[in-house]
**Q** 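My structure is below; once you've seen it, I'll send some questions.
Treat the numbers as computed from the prediction; the structure is a model and nothing was measured. Letters A, B, ... mirror the listed sequences (proteins, then strands); counts begin at 1.
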Protein chains: 2
Amino acid sequence: MSAEDVKLKLVEAEEPDENDYRLQDQVGFILRKAHQRHVSIFAAHIADLTPPQFAALAKLHDVGETSQNQLGSLIAMDAATVKGVIDRLKARGLVELSKHEVDKRRLLVNLTAEGRDAVARLIPIARDITQETLAPLSAKEVAIFMRLLAKLA
Amino acid sequence: MSAEDVKLKLVEAEEPDENDYRLQDQVGFILRKAHQRHVSIFAAHIADLTPPQFAALAKLHDVGETSQNQLGSLIAMDAATVKGVIDRLKARGLVELSKHEVDKRRLLVNLTAEGRDAVARLIPIARDITQETLAPLSAKEVAIFMRLLAKLA
DNA sequence: TCAAATTCATTCGTATGCAAATGATATCAA
DNA sequence: TTGATATCATTTGCATACGAATGAATTTGA
């Protein structure tokens, strides 16, 4: 093989570019689609609440009173996003806000009685949503998938 | 065991409700966080384009001229969403629009020369983004994960 | 053929999601 | 103590994302 041939071969080997990039095989693209599908399943079961709204209620049910930002960090929302979510839940009477006695910066968030009822009513449905989202996988695959997905989150 | 005891035990067994629902273990919640992490990695590598915008460019590079809605279905965007994405790419000179000669409903989308250059330049970076997103997994785990994730998307 | 149904695109309204800037309050450190 | 930092919350601006309504153009089917 001549020096020129070697060079050509190297150039070929160094050039996977463009031609073999398939968007539909990229993890980000598929992750986005899987998320879309989940949101769609969620909406089919719970029409009057979004996944982020339900996440806020469920977490409040777990931990009780917290500040708005603290709640946000528990459910992976930045300050601006959680504010919008909490505002809408408040407008619907599912949470109530109060000021922290000591630290005047903090805005405390609590479930209302109606909010507690909603969570209790919705949790069984949320379990169905999880199951339907994972339905394409066998039980064994679910265990593997959840373990790996958690590593990426 | 008395009949009463049996009844109590059954009631307990039938009541997983609320108490064992952990938001942070639900597939939808983790899917949302994994997607957030990916978007953040994307933004760190490609500051001037969003993942949906890049998806549109990469797919146009693949398939060439298509109608706006057709492109949307190829990259999993509804008509309203894809319109916004294409409008912004057009404003930046990365795509150009034209009317379909025969079917006057259709709006054809094409990469501009600048758009083609951008895709060529960005595809290697996009490959890095995929790799970094999957970095927490071993090669074997990546293969398994992608197979299962595809089933859910 | 022609009325009904479908497709393509647009617009409106609502809801995340995040960066950046701002203001109020609290904490830290020299 | 007080000046520098840090934290909590809000606001603005921009970008998906999608349901629903609308209008234009095409296709279907009786």
**Q** What pairs of residues pass the side chain to side chain donor-acceptor pair (under 3.5 Å) test when at least one of them lies in residues 69-80 of chain A, not counting sequence neighbours?
**A** A/D78-A/T81
**Q** Nearest whole angstrom, please: distance from the C1' of D/dA9 to the CG of A/L108.
**A** 13 Å
**Q** Within the 4.0 Å heavy-atom criterion, would you say B/S40 contacts the bases, only the backbone, or no part of the nucleic acid?
**A** nothing
**Q** Can you tell which of D/dG19, D/dT10, D/dT16 lies closest to the side chain of B/A80?
**A** D/dG19
**Q** Salt bridge (Lys or Arg N to Asp or Glu O under 4.0 Å) between A/E114 and A/R92: does it pass, once the steps are laid out?
**A** CA-CA 10 Å; A/E114 193 185 343; A/R92 294 175 49 179; over 6 Å; no
**Q** CG of A/D48 versus C1' of D/dG19: gap in Å, rounded?
**A**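 Spelled out: CG on A/D48 to C1' on D/dG19 is 15 Å.
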**Q** Students should find this one: the first and last nucleotides of DNA chain C, 5' to 3', lying under 4.0 Å from a heavy atom of chain B. What are they?
**A**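 From 5' to 3', the first and last contacting nucleotides are C/dT7 to C/dC18.
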**Q** Using whole Å, what does the distance between atom C1' of nucleotide D/dT16 and atom CZ of B/R88 come to?
**A**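 It works out to 7 Å between those atoms.
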**Q** Look at all strands and tell whether B/V85 reaches a base, only sugar-phosphate, or nothing, counting heavy atoms closer than 4.0 Å.
**A**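 Sugar-phosphate, backbone atoms only, no base.
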**Q** Without decimals, in angstroms, what is the distance between A/D103 CG and D/dA9 C1'?
**A** 11 Å
**Q** Going by heavy atoms in the side chains, are B/M77 and B/P52 under 4.5 Å from each other?
**A**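 Yes, side chains in contact.
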**Q** Nearest whole Å is fine: how far is D/dC18 C1' from B/M77 CE?
**A** 13 Å
**Q** Is the phosphate of D/dT16, meaning OP1 or OP2, less than 4.0 Å from a side-chain N or O of A/Q36?
**A** no
**Q** Side-chain heavy atoms under 4.5 angstrom apart, residues restricted to Ile, Leu, Val, Met, Phe, Trp, Tyr: same cluster for A/L74 and B/L31?
**A**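 Each belongs to a different hydrophobic cluster.
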**Q** Return yes if a side-chain donor-acceptor contact under 3.5 Å exists between A/E96 and A/N110, otherwise no.
**A** no
**Q** If you assign A/R106 and A/V39 each to the DNA chain D nucleotide with the nearest heavy atom, which residue ends up on the more 5' nucleotide?
**A** A/R106
**Q** A/T81 near the nucleic acid: base, sugar-phosphate alone, or nothing, with a heavy-atom cut-off under 4.0 Å?
**A**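 Contact class for A/T81: base.
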**Q** Expressed as a whole number of angstroms, how long is the span from B/D87:CG to D/dT16:C1'?
**A**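 In whole Å, D/dT16 C1' and B/D87 CG are 13 Å from each other.
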**Q** NA contact type, B/V102, heavy-atom cut-off 4.0 Å: base, sugar-phosphate, or nothing?
**A** sugar-phosphate
**Q** Specify the separation, in whole Å, of atom CZ of B/F54 and atom P of D/dA15.
**A**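 Interatomic distance, CZ of B/F54 to P of D/dA15: 18 Å.
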**Q** Mind checking B/D78 for me? I need base, sugar-phosphate or nothing, with any heavy atom below 4.0 Å counting as a touch.
**A**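 Base contact.
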**Q** Do the side chains of B/L97 and B/V109 get nearer than 4.5 Å, heavy atoms only?
**A** yes
**Q** Give the rounded distance in Å between these two atoms: CZ of A/F42 and C1' of D/dA17.
**A**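 Rounded to whole Å, this separation is 16 Å.
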**Q** With nearest nucleotides of DNA chain C determined for A/R105 and A/P51 from heavy-atom distances, which residue corresponds to the more 5′ nucleotide?
**A**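 The residue mapped nearer the 5' terminus is A/P51.
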**Q** Roughly how far apart are B/Q36 CD and B/I41 CD1, rounded to 0.5 Å?
**A** 12.0 Å
